[in-house]
Amino acid sequence: MLIPILLVSLISSINAASIASRSQSYPLSQPAVLGPKTRITIGNKVIAPDGFARSATLVDGIFPGPLITAQKGDDFAIEVVNELKDETMFKSTSVHWHGLFQNGTNYADGTSFVTQCPIAQNHSFLHSFSAPNQAGTYWYHSHYSVQYCDGLRGPLVIYDPDDPLAYMYDVDDASTVITLSDWYHVAAPVLRHIIGTTANSSLINGLGRYAGGPMSDLAVINVVPGKRYRMRLVAMSCDPSFHFSIDGHNLTVIEADGQLTEPVVVDELRIFAGQRYSVVLVADKSVDNYWIRSLPNLTKASYEGGMNSAILRYQGAPIADPTTVYTASKNQLNETDLHALINPGAPGIPGYGKADINLNLSVKNSNGSFYVNNVTFQPPTIPVLLQILSGAREPSELLPEGNVIVLGANKVVELTLTTSGPGGPHPIHLHGHSFDVIQSAGSKTFNYVNPVRRDVVSAGSTPDQQMVIRWTTDNSGPWFLHCHIDWHLDAGFAVVMAESPSDTRAHLNTVPDDWHQLCPTFDSLSPSQLGGGGRESYEEASKISPLLFPPSPLP
């Protein structure tokens with residue numbers, strides 16, 4: 001049963017702002033909204049979000065997937081039903097609830113080969129979990145190979161009726177969620193063989209245009225003069241980061257990745273794959289149309305012909321493209337200017353290298369493959385959680401060899417990560433936690449007093465940059481740490497942080513019987529039942545580019 005659960009106070013303000021549907025000439029409508037107890041169906045459908053028609057892997061037949069909403073303290077029970085049929089794309093699936101800690105429910109994290117086996121075609125799995133102390137902007141996406149690049153991604157918001165920053169905005173509902181994504185005209189199982197894949201277009205709220213393509217519809221966000229809007233930005237790209245701005249308007253940042261921040265006023269911000277920001281926009285300009293801009297860090301990216309753009313339309317403005325002109329940012333967001341609003345301060349003894357556990361990870365790129373401390377990640381045939389529940393405890397016992405770091409319970413971990421080679425900047429995501437960003441890439445300063453707290457951070461792109469984060473191991477289980485550029489994760493940029501394996505069984509709630517059936521079912525699948533095009537996907541890739549990885553088996 002689909003249960004929309006927006007707060008009554010939020011519903012009452014819906015008439016203040018709404019997003020135009022697929023065409024500017026259609027009636028205004030609200031995007032699809034589901035509640036915390038619901039069913040989502042993963043299937044295939046031909047769509048043309050930028051004017052180019054292709055089959056995609058979608059949630060409930062739409063892109064982005066429906067917004068899932070809850071109120072702080074709600075329990076979640078989301079059944080994921082797999083009805084995938086397209087042979088050119090993967091026919092198994094998984095869904096990860098990005099940013100939700102899954103404390104006590106590691107088995108519901110949705111991470112293929114780390115916390116579960118994928119869900120086979122014509123099967124389902126019920127993700128039951130709670131997020132008792134979390135509120136903010138999150139998202140969900142496939143965590144099976146590069147499947148989310150084919151479309152399986154959508155926003156998730158937990159509203160807080162006691163939000164301490166609620167005095168800053170009037171409108172915060174489904175219409176103020178803004179998704180930023182890249183889009184590809186070739187199926188991801190083909191593109192994963194190519195070194196250096198590049199998106200064909202960028203979409204805002206599922207609509208966009210590509211170079212040489214038609215003047216397809218752009219997303220429209222409607223506002224009422226004088227109102228203040230909490231815009232929730234979700235970067236659900238597989239690769240690029242975006243420079244986001246709205247012509248003529250300042251944006252006040254109040255949230256980063258589900259964590260409230262002290263308000264910071266900017267005129268532009270850079271948002272990396274996997275990151276989220278809430279920004280307050282005040283509709284205090286003259287009644288008109290204004291360009292919303294989301295420029296990806298891709299070669300030759302531009303705003304020509306409405307590419308990488310959407311429209312902010314004041315009530316009373318004509319239905320027309322804006323004529324506003326982009327001006328260079330004078331006040332771009334610096335991550336070091338963000339400070340956690342609630343309980344600021346990093347855990348442990350202040351000072352570099354003074355944590356209980358001090359880790360150093362060096363990432364290198366060789367011929368397109370990534371190596372973390374000289375080891376490239378290869379998904380194990382038995383999920384790490386299943387290995388732990390079966391009795392494996394020590395690093396030498398856990399597979400994949402060299403990819404699992406065992407951490408003691410209730411320890412402060414300080415992680416330093418450096419990268420070298422092409423492909424950066426890399427957005428690094430840790431499952432199961434938020435972390436304090438002690439040192440941002442490109443900054444020379446360390447902050448233990450009031451750093452930003454989030455769950456995705458840029459590791460930079462040059463060898464002289466380093467990223468330093470801290471968190472506490474208070475959530476027993478295996479948690480993925482990886483680059484959120486999905487092509488890089490697929491090419492080995494990941495490790496597993498196994499927190500106190502000896503405590504995991506006791507820490508977990510009762511593991512559902514259906515979870516135990518996922519692996520036997522998946523392991524029995526034939527190559528044709530896995531989908532992904534088989535050998536033909538590699539041959540297709542060879543027609544697109546000579547820069548290919550060696551042939552590899554399906555994930």
Side-chain angles (χ1 to χ4, degrees), residues 4-21 28-35 62 64-72 99 135-139 154-161 163 165-181 203-207 218-236 242 244-258 260-261 263 265-266 269 271 275-285 289-294 309-315 317:
I5 59 157
L6 290 176
L7 297 173
V8 172
S9 61
L10 297 173
I11 293 175
S12 66
S13 64
I14 282 177
N15 61 356
S18 61
I19 291 180
S21 62
L28 302 182
S29 65
Q30 286 293 329
V33 181
L34 305 177
I62 59 175
L67 169 65
I68 297 176
T69 67
Q71 299 180 45
K72 188 175 181 179
T137 309
Y138 307 94
W139 64 301
L156 187 156
V157 174
I158 302 177
Y159 294 99
D160 183 357
D163 178 10
L165 296 180
Y167 69 91
M168 296 185 65
Y169 54 87
D170 307 308
V171 182
D172 177 24
D173 58 29
S175 74
T176 61
V177 176
I178 301 177
T179 62
L180 311 175
S181 59
L203 311 179
I204 301 177
N205 284 345
L207 296 172
L218 299 177
V220 179
I221 297 177
N222 291 268
V223 295
V224 173
K227 293 283 188 178
R228 303 167 302 166
Y229 296 83
R230 178 174 181 166
M231 303 293 192
R232 296 178 181 264
L233 311 180
V234 185
M236 50 178 66
F242 302 99
F244 181 89
S245 63
I246 301 178
D247 285 0
H249 293 75
N250 284 325
L251 306 169
T252 302
V253 180
I254 62 171
E255 177 209 350
D257 299 355
L260 293 177
T261 68
V265 178
V266 301
L269 58 82
I271 183 168
Q275 290 186 330
R276 294 87 64 210
Y277 286 109
S278 279
V279 297
V280 177
L281 176 140
V282 181
D284 59 357
K285 306 303 177 185
N289 294 291
Y290 297 84
W291 284 119
I292 299 171
R293 303 179 185 271
S294 182
S309 303
I311 299 169
L312 181 77
R313 177 166 295 150
Y314 277 65
Q315 186 180 62

Handout entry: Residue pair V157 / Y138, side-chain heavy-atom distance below 4.5 Å
Key = no

Handout entry: Under 3.5 Å donor-acceptor, Y229 side chain and V224 backbone
Key = yes

Exercise for the section: Look up atom CG in L281 and atom CE in M231, then write down how far apart they are to the nearest 0.5 Å. Expected result: 5.0 Å

Fill in the blank from the handout: In short, I204 meets S294 closest at the heavy-atom pair CD1-CB, 3.8 Å

Handout entry: Within-4.5 Å side-chain heavy-atom neighbours: V266 and V253
Key = yes

Practice task
Taking all non-hydrogen atoms of both residues into account, name the closest pair between P155 and V177 and its distance.
Solution key: CB-CG1, 3.8 Å

Exercise for the section: Return the orientation label for the Y290 and H249 ring planes: parallel under 30°, perpendicular over 60°, tilted otherwise. Expected result: perpendicular

Handout entry: Side chains of R313 and N222, donor plus acceptor under 3.5 Å
Key = no

Handout entry: Basic-acidic side-chain contact under 4.0 Å: K227, D284
Key = no

Completion exercise
CG (L156) and CZ (R276) are apart, to the nearest 0.5 Å, by 9.5 Å

Practice task
Flag the pair L218 / W291 as yes when at least one side-chain heavy-atom distance between them is below 4.5 Å, and no otherwise.
Solution key: yes

Handout entry: Between R293 and S309, a side-chain donor and acceptor under 3.5 Å
Key = no

Completion exercise
Closest non-hydrogen contact found for M168 with P263 is SD-CG, 3.7 Å

Handout entry: Heavy-atom side-chain contact between I271 and L269 under 4.5 Å
Key = yes

Exercise for the section: Might you point out which heavy atoms bring I292 and F244 nearest each other, and give the distance in Å? Expected result: CG2-CE1, 3.6 Å

Exercise for the section: Find out whether Q275 and D257 are in side-chain contact, i.e. whether some heavy atom of one side chain is under 4.5 Å from a heavy atom of the other. Expected result: yes

Problem - From L312 atom CG to I221 atom CD1, the distance as rounded to the nearest 0.5 Å - result: 7.0 Å

Practice task
Evaluate the side-chain proximity of Y314 to K285: yes if any heavy-atom separation is below 4.5 Å, no if none is.
Solution key: yes

Practice task
Would you give the length of the straight line joining atom CG of N205 to atom OG1 of T179, rounded to the nearest 0.5 angstrom?
Solution key: 4.5 Å

Practice task
Using only heavy-atom distances, determine whether the side chains of Y169 and D163 contain a donor-acceptor pair under 3.5 Å.
Solution key: yes

Fill in the blank from the handout: dist L180:CG -> L203:CG (nearest 0.5 Å) comes out at 10.0 Å

Exercise for the section: Take T261 and Y277, measure what side-chain contact (heavy atoms from CB on, under 4.5 Å) needs, and give me the verdict at the end. Expected result: CA-CA 10 Å; T261 68; Y277 286 109; over 6 Å; no

Problem - R228 vs V171 side-chain heavy atoms within contact, under 4.5 Å - result: no

Handout entry: Between T137 and R232: side-chain donor-acceptor atoms closer than 3.5 Å
Key = yes

Problem - Under-4.0 Å salt bridge between R230 and D170 - result: no

Handout entry: Contact check, side chains of M236 and P64, non-hydrogen atoms, under 4.5 Å
Key = yes

Practice task
Starting from the C-alpha separation in whole Å, work towards a yes-or-no answer on side-chain contact (heavy atoms from CB on, under 4.5 Å) for V265 and L251.
Solution key: CA-CA 6 Å; V265 178; L251 306 169; over 6 Å; no

Exercise for the section: Indicate yes or no for a side-chain donor-acceptor contact from D160 to the backbone of A135 under 3.5 Å, with no hydrogens or angles considered. Expected result: no

Handout entry: Interatomic distance, L165 atom CG to I254 atom CD1 [nearest 0.5 angstrom]
Key = 5.0 Å

